Amino acid sequence: MRTVVVGGAQMGAIQKADTREQAVDRMIVLLEQARANGCTLVVYPELALTTFFPRWYMEDQAEVDTWFEHEMPGPATQPLFDKARDYQIAISFGYAELTPEGQHFNTSLMTDRDANIVAKYRKTHLPGHSEFDTERDFQHLEKRYFLPGDTGFPVTRTMGGLFGMAICNDRRWPETYRVMGLQGVEMICLGYNTPSVNSQKRNEGPADRLFHNRLVMQSGAYQNSTWVVGIAKAGVEDGFPLIGGSLIADPDGKVVVEASTEEDELIVHACDLDDCVFGKKTIFDFARHRRVEHYGRIVEQTGVIEPAG
Ligand code: CDT
């Protein structure tokens, strides 16, 4: 057995006026709960330190930059790293990253149990749009504020296993899981901020959004025989609701634990990484069963090309 006791640290709403220090205080309370539950890894949401600011249209780059972290850890986040090291708990969380070269990314990190950053991932699939869209009920300006990630989907050896990360919209794309599956991934940690209603389709509400949330993470887990830890920032941020539904899916695609609120809530499961072995050696033994000679379109083509009529 190679057990990682995972704490999925769902966070409730963070309002626009809330400070990073307030968010970090809440993250530390969740870390303390995780410690009481024997967790060795805690996973927090996408953009865990602030409100989901891409819903706000901004033209002033200096104002935009106030939502970004210029260093990691920085003054506001150092206490979280310090507590995680004291408790010997690895952590993973999302934040807006401003690099020394001035590039903006939607990023996640993972530490080892000594609070050393061992992996970094920058969001690949940026949803939404880059200009104010009058057709939408609310804005989703990730394409305005972030560059597409430049990391690919790295898989890192740490804590006796193979770990990868993804961020929110990435979870809807099978390529995300398969690229990590091809590196033998055993646990994918991902955070999300998903509006409870589709801004372009009002009748797609929370029930549908939660259905899609489970559907994609359960399939990603099963089809790559990996654990998937998917953690929400949930609740109503300045009038804009986000779904909860944080969950852990096992390598058989089954949900083993799921959040029941839209508040700060810790879900816990002892995940045995050896549970990945059976699927990886049988039905999803990629080396024996994949037929790459038929998959060329997946990398040669981006959009749809229909057959000639
Ligand atoms: N944060 C994030 O990626 N949210 C998206 C919303 C898509 S609607 C423009 C998601 O896939 O949940």
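Just follow the structure's listing: the first ligand is 1, and inside any ligand the first atom is 1. Since the model is a prediction, treat every value here as computed from it, not as a measurement. In what follows, every heavy atom counts, from backbone to side chain, and hydrogens, waters and symmetry copies are set aside.
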Identify, by atom number and element, the atoms of ligand 1 in contact range of T194, meaning under 4.0 Å from any of its heavy atoms.
10 (C), 12 (O)
One finds that the ligand 1 atoms under 4.0 Å from a non-hydrogen atom of N193 are 1 (N), 2 (C), 4 (N)
Any E142 heavy atom less than 4.0 Å from ligand 1:
yes
Within ligand 1, which atoms have a heavy atom of C168 less than 4.0 Å away?
1 (N), 2 (C), 3 (O), 4 (N), 5 (C), 10 (C), 12 (O)
Only counting residues at least two apart or in another chain, list the ones meeting side chain to side chain contact (heavy atoms under 4.5 Å, CB included) with D133.
H129, E135, R136, Q139
Any idea which atoms of ligand 1 are less than 4.0 Å away from a heavy-atom of N169?
3 (O), 10 (C), 11 (O)
Just checking, R55 and F138: is the charged tip under 6.0 Å from the six-membered ring centre and within 45° of the axis?
no
Compute the ring centroids of Y57 and F132, then answer whether they are less than 6.0 Å apart.
yes
Please state whether H125 comes within less than 4.0 angstrom of ligand 1, counting heavy atoms only.
no
Once you round to the nearest 0.5 Å, how far does CG of D112 lie from CD1 of I91?
10.0 Å
Any atoms of ligand 1 less than 4.0 Å from a non-hydrogen atom of E46? List them with their elements.
1 (N)
So, applying ring-ring contact (aromatic ring centres under 6.0 Å, His included) with F146, which one of F105, F68, W67 is it?
F68
For ligand 1, which atoms sit closer than 4.0 Å to a heavy atom of K123?
1 (N), 2 (C), 3 (O)
Suppose I only count heavy atoms of F52 and a 4.0 Å limit; which atoms of ligand 1 are within that range?
1 (N)
Using heavy-atom distances only, which candidate in E204, R171, Q200, R209 approaches atom 8 (S) of ligand 1 most closely?
R209
What residue and atom, counting heavy atoms only, is the protein's closest point to atom 7 (C) of ligand 1, and at what distance?
P127 CB, 4.0 Å
Sequence neighbours excluded, every pair satisfying ring pair (Phe, Tyr, Trp, His ring centres under 6.0 Å) that has a member inside residues 277-309:
Y222-F284
Please write down residue, atom name and distance for the protein heavy atom closest to atom 6 (C) of ligand 1.
H140 CE1, 3.6 Å
Pairs of nitrogen or oxygen atoms closer than 3.5 Å, one from R172 and one from ligand 1: do any exist?
yes
For ligand 1, is any non-hydrogen atom under 4.0 Å from Y192's backbone (N, CA, C, O), its side chain (CB onward), both, or neither?
neither
Lys/Arg N to Asp/Glu carboxylate O, R85 vs D82, below 4.0 Å:
yes
Check the pair T50 / R20 against side chain to side chain contact (heavy atoms under 4.5 Å, CB included), numbers first and verdict last.
CA-CA 6 Å; T50 65; R20 279 147 169 98; 4.1 Å; yes
Are the ring centres of Y95 and Y44 closer than 6.0 Å?
no
